[in-house]
Amino acid sequence: MPVRSNIVGIDGPEALEKALRAAYYLADDGIATASYLSLALGKPLLLEGAPGVGKTEAAKAIAAVLGRRLIRLQCYEGIDAAAALYEWNYPRQMLAIRQAGEESIDIYGDAFLIERPMLAALRAPDAMVLLIDEIDRADQEFEAFLLEFLSDFQISIPERGTVRAAEHPVVVLTSNRTRDLHEALRRRCVYHWIDYPNAEREARIVMMRASSVAEVTARAVVAAVGRLRREPLSKAPGIAEAVDWAEAATLLNKGGARWPDAFKRSIGVALKDEEDLHFISPRLDAIIAEAAA
């Protein structure tokens with residue numbers, strides 16, 4: 001197995017953690033170590049965790065650290081190889097055939113190939129980071145299709161043959177764990193579970209991502225969000241919602257709204273489900289008051 005001990009000047013998890021922080025991603029030792037090992041060993045990185053804990057943001061930060069373009073393959077039920085790999089531009093092929101007349105023409109050249117994220121990563125592995133987002137939303141057939149790609153970093157195009165990556169591309173997979181992933185997929189990856197950060201770290205994230213938010217506001221929002229996550233909500237607020245709530249409440253306060261009313265009036269950026277809002281409404285004042293105390 002080829003090992004890359006130094007990746008763009010990063011020689012260990014600690015150096016990667018500092019680089020990620022410079023890219024506005026506050027990584028703990030666990031994710032910094034898993035990410036470094038993924039890069040050094042040339043293996044895909046599989047990040048699992050609840051929605052909103054920062055899995056996609058981690059991939060974006062890794063791409064920023066490497067100075068590469070992030071290409072995202074958003075998974076969904078029914079996704080197939082055509083959406084992930086490539087398609088032929090049939091209308092353009094037919095037009096080219098008509099225009100060629102009796103002349104010979106190669107309708108399987110690059111001019112007729114519509115490149116999708118996985119093929120793009122294979123053809124330019126040193127310039128991109130491939131994010132396969134929410135793989136648990138795809139069905140098991142698509143997951144099985146990924147196995148060859150993640151093992152050998154190659155695909156077969158019947159009309160053109162096998163396309164192999166010149167080097168292992170950087171691949172990040174995320175899963176919200178709505179279903180179990182196949183063991184064969186997990187074996188091909190470096191794995192890390194991302195949990196919600198503790199209150200101290202989440203407050204630091206809020207202040208890092210929302211520079212206009214005061215520390216006392218960040219801590220109050222984080223405390224309130226922590227309470228909300230313990231409630232039986234259908235869509236618990238993630239880290240991004242905590243950042244947005246802190247920014248929204250600060251904006252209302254600057255416009256004249258008093259605390260804690262600014263928190264209450266901006267609850268729609270933290271909870272985005274009508275049933276959740278209705279459920280929490282009778283206790284919202286107490287939750288905000290306790291958090292702001």
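Counting side-chain heavy-atom gaps under 4.5 Å among Ile, Leu, Val, Met, Phe, Trp and Tyr, M207 is found in no cluster with other residues. Other members of the cluster containing L252 do not exist, because no ILVMFWY side chain is joined to it at under 4.5 Å.
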Name the atoms and distances for all side-chain donor-acceptor pairs under 3.5 Å in residues 277-286, with sequence neighbours left out.
{"from": "R283", "atom 1": "NH2", "to": "E231", "atom 2": "OE1", "distance (Å)": "2.8"}
{"from": "D285", "atom 1": "OD1", "to": "K264", "atom 2": "NZ", "distance (Å)": "3.1"}
{"from": "D285", "atom 1": "OD2", "to": "K264", "atom 2": "NZ", "distance (Å)": "3.3"}

Please report, to 0.1 Å, the donor-acceptor pairs under 3.5 Å made by any side chain of residues 70-85, with sequence neighbours excluded.
{"from": "R72", "atom 1": "NE", "to": "D133", "atom 2": "OD2", "distance (Å)": "3.0"}
{"from": "R72", "atom 1": "NH2", "to": "Q74", "atom 2": "OE1", "distance (Å)": "3.1"}
{"from": "R72", "atom 1": "NH2", "to": "D133", "atom 2": "OD2", "distance (Å)": "2.6"}
{"from": "Q74", "atom 1": "NE2", "to": "E134", "atom 2": "OE1", "distance (Å)": "2.7"}
{"from": "D80", "atom 1": "OD1", "to": "A82", "atom 2": "N", "distance (Å)": "3.4"}
{"from": "D80", "atom 1": "OD1", "to": "A83", "atom 2": "N", "distance (Å)": "3.2"}

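Under the rule for a ring pair (Phe, Tyr, Trp, His ring centres under 6.0 Å), F112 has no partner lying at least two apart in sequence or in another chain. The ring pair (Phe, Tyr, Trp, His ring centres under 6.0 Å) test applied to Y108 returns W88, not counting sequence neighbours. For R201, the side chain to side chain donor-acceptor pair (under 3.5 Å) test picks out no residue, with sequence neighbours left out. Taking F153 as the reference, F149, H168 meet the ring pair (Phe, Tyr, Trp, His ring centres under 6.0 Å) condition, with sequence neighbours excluded.
Listed by first then second residue, pairs satisfying salt bridge (Lys or Arg N to Asp or Glu O under 4.0 Å) with a partner in residues 22-40 number zero, not counting sequence neighbours. Sorted by first then second residue, the ring-ring contact (aromatic ring centres under 6.0 Å, His included) pairs that include residues 176-221, not counting sequence neighbours, number zero. Contacts classified as salt bridge (Lys or Arg N to Asp or Glu O under 4.0 Å) and involving residues 234-250 (residues at least two apart or in different chains) are given here: E241-K272. Under the ring-ring contact (aromatic ring centres under 6.0 Å, His included) criterion, the residue pairs touching residues 202-261 are W259-F263, with sequence neighbours excluded.
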